[in-house]
Amino acid sequence: RETAARLAVTDAKLSEVSLQRSQLEELMQSLSRSRDENLVVDIESAIRLAQQQSQLTGSVQPLLAALTSAEQRLTKVAQPRLAPLLRAVTRDIERIKATAVTDVPTLLLKMDDLVRAVDSLPLRNAVGGAVKDKPVTPPPASSWARAISMSWWEQVLGDIWDDARNLVRVSRIDRPEASLLAPEQSYFLRENLKLRLLNARLGLLARHFDAVQSDMKQANDDLVRYFDMQTRQGQTTLALAREVLAQSKQIEIPRVDDTIAALTTAAAGR
């Protein structure tokens with residue numbers, strides 16, 4: 001009877017220990033699940049915030065930084081249940097890196113260079129610099145009679161002819177409106193071109209790429225119509241303007257649908 005009583009007490013203690021063990025295992029699983037859920041929630045909030053920042057700034061750097069941080073955290077946890085999420089994050093990182101997105105800061109710097117270059121661009125109707133005096137060459141050795149033949153009135157006529165010849169300039173006119181532009185209007189022409197470029201810069205900051213394209217096309221037309229593009233500075237400026245026009249295009253920021261779907265699945269516990 002005593003042995004049976006002790007055995008009954010031992011069985012009761014054993015059942016109590018088994019119950020405590022099962023409760024402890026459930027608590028550990030609950031803690032582990034809650035840690036994974038908190039990690040998933042943190043990653044999801046960070047990625048959604050980075051996606052909004054990318055949409056506002058037009059740059060993929062915030063989104064790429066959030067995805068890289070999420071990949072590092074998931075790799076450190078090494079939880080098999082979160083392996084699909086890690087694969088989705090890796091795929092989105094590779095896809096974003098392979099997407100060509102407009103580099104807005106670089107375009108802004110190029111537009112600033114264009115605005116500064118407008119002041120020194122030569123116009124089509126600009127009068128050339130003063131004609132340099134012809135180098136004085138020593139008179140050739142000659143006889144006394146030949147030296148007398150070069151009288152003072154011949155020198156005067158020669159000087160008058162040189163001055164009259166410098167008053168006339170013959171050049172090819174492909175665009176009459178550029179040649180008919182009055183010299184005092186060149187200041188307003190340059191200022192209008194700079195205002196157009198600044199307007200395109202504001203449109204780029206506001207992500208209005210249609211307005212940027214329109215302003216840059218008009219700026220390119222003005223450069224070709226009114227400015228001398230045969231000079232080295234003109235060719236460099238025109239090439240820069242065309243480069244800005246080609247790069248300022250509306251490009252959609254890549255979406256991270258795979259990562260969002262994997263986060264939803266992981267949050268549901270599947």
Side-chain angles (χ1 to χ4, degrees), residues 1-109 204-210 247-270:
R1 283 196 297 268
E2 289 178 359
T3 303
R6 291 177 180 177
L7 185 60
V9 173
T10 304
D11 290 340
K13 291 183 178 180
L14 182 61
S15 61
E16 184 178 356
V17 170
S18 299
L19 179 61
Q20 291 178 354
R21 180 179 178 180
S22 62
Q23 291 177 350
L24 183 60
E25 289 178 352
E26 290 179 359
L27 181 60
M28 292 177 62
Q29 291 178 358
S30 175
L31 289 176
S32 177
R33 195 179 304 111
S34 128
R35 183 190 62 181
D36 295 342
E37 289 176 356
N38 291 334
L39 177 62
V40 169
V41 170
D42 290 343
I43 291 176
E44 183 176 5
S45 61
I47 289 178
R48 290 188 182 277
L49 180 60
Q51 192 170 14
Q52 293 177 359
Q53 291 178 350
S54 297
Q55 293 291 339
L56 291 174
T57 60
S59 174
V60 296
Q61 294 304 320
L63 187 57
L64 192 59
L67 288 173
T68 304
S69 176
E71 184 182 26
Q72 294 175 355
R73 295 178 65 180
L74 291 172
T75 304
K76 188 180 298 184
V77 171
Q79 182 65 252
R81 190 171 69 89
L82 301 178
L85 176 59
L86 179 60
R87 290 193 296 269
V89 170
T90 304
R91 285 196 304 270
D92 284 335
I93 290 177
E94 294 176 353
R95 184 163 53 84
I96 290 176
K97 288 182 177 180
T99 303
V101 182
T102 303
D103 191 357
V104 176
T106 303
L107 285 180
L108 293 176
L109 292 177
L204 186 62
L205 289 172
R207 303 297 182 272
H208 294 162
F209 289 96
D210 293 337
Q247 293 180 0
S248 57
K249 295 181 179 179
Q250 176 70 39
I251 298 179
E252 189 68 23
I253 299 296
R255 298 183 59 85
V256 287
D257 295 334
D258 293 345
T259 300
I260 297 299
L263 286 169
T264 305
T265 304
R270 298 190 291 272

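Quick caveat: nothing in here was measured; it's all calculated off a predicted structure. Note that these values count all heavy atoms, side chains included, but never hydrogens, waters or copies made by symmetry.
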Which distance, rounded to the nearest 0.5 Å, do you find between the CG of Asp92 and the CD1 of Ile47?
-> 8.0 Å
Measuring from Leu263:CG to Ile43:CD1, what's the distance to the nearest 0.5 Å?
-> 6.5 Å
Looking at Asp258 and Ala88, what are the two nearest heavy atoms and their distance?
-> O-CB, 3.7 Å
Interatomic distance, Arg6 atom CZ to Asp11 atom CG [nearest 0.5 angstrom] = 14.5 Å
The reported gap from CD in Gln53 to CG in Leu63 (rounded to nearest 0.5 angstrom) is 9.5 Å
Say you draw a straight line from CZ of Arg95 to CD1 of Ile93; how long is it, rounded to the nearest 0.5 Å?
-> 11.0 Å
Could you pull out the closest heavy-atom pair between Ala12 and Ser15, with the gap in Å?
-> O-OG, 2.6 Å
Check residues 65-74 and write down every donor-acceptor pair under 3.5 Å in which the side-chain atom is one partner and the other belongs to a residue at least two apart or another chain.
| residue | atom | partner | partner atom | Å |
| --- | --- | --- | --- | --- |
| Thr68 | OG1 | Leu64 | O | 2.7 |
| Glu71 | OE2 | Thr90 | OG1 | 3.3 |

When rounded to the nearest 0.5 angstrom, what distance separates OG1 in Thr259 from CD1 in Ile96?
-> 7.5 Å
Heavy-atom side-chain proximity of Arg255 to Ile260 below 4.5 angstrom = no
